[in-house]
Amino acid sequence: MAKGKDARIPVLLECTACVRNGVNKESTGISRYITQKNRHNTPNRLELLKFYPYCYKHTIHGEIKK
C-alpha cells in the first residue's frame with residue numbers, strides 16, 4: 001500500500017526581486033505561485049523563472065516556507 005511520507009509536496013514560490021528590494025515602488029503587490037516538487041529528486045530549495053505581472057517581466061521565484 002502507501003509508503004510513509006509522500007514524495008510530492010506543495011511549495012510556495014515568491015518573487016525574489018521584491019523580497020530583496022522590499023516592495024518595488026512601481027509594483028502594487030507580491031507575486032506568489034503554488035506548485036509541487038518531488039522531495040527525493042530536488043532536496044534543495046526550488047527556484048524557477050516565472051512571469052511577474054506587476055513589473056511585466058520574468059523574474060526568479062524562490063521557494064518559501066508556509
Using the side chain to side chain donor-acceptor pair (under 3.5 Å) criterion, which residues pair with R45? Sequence neighbours excluded.
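Partners of R45 by the side chain to side chain donor-acceptor pair (under 3.5 Å) criterion come out as none, since no residue qualifies.
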
Which residues pass the side chain to side chain contact (heavy atoms under 4.5 Å, CB included) test with T42, sequence neighbours left out?
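Partners of T42 by the side chain to side chain contact (heavy atoms under 4.5 Å, CB included) criterion, ordered by chain and then number, come out as K37.
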
Test of understanding: with side chain to side chain contact (heavy atoms under 4.5 Å, CB included), list the residues that count as partners of L49, not counting sequence neighbours.
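L49 satisfies side chain to side chain contact (heavy atoms under 4.5 Å, CB included) with H58, I60 only.
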
Mind checking the CG-OG1 spacing from L48 to T59? Nearest 0.5 Å is all I need.
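Between L48 CG and T59 OG1, I get 11.0 Å after rounding to 0.5 Å.
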
Separation of K50 NZ from T35 OG1 (nearest 0.5 Å):
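One finds 6.0 Å between OG1 of T35 and NZ of K50.
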
Provide the closest heavy-atom pair for F51 versus K57 in the form atom of the first, atom of the second, distance.
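Where F51 meets K57 most closely, the heavy atoms are CE1-N, 3.6 Å.
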
Let me check something: do L46 and L12 share a hydrophobic cluster, defined by ILVMFWY side-chain heavy atoms less than 4.5 Å apart, either directly or through other members?
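No, L46 does not connect to L12 through the hydrophobic network.
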
Short question: side chain of N38, backbone of H40 - any donor-acceptor pair under 3.5 Å?
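Such a contact is found between N38 side chain and H40 backbone.
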
Check: L13 and E63 side chains under 4.5 Å, non-hydrogen atoms
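In contact.
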
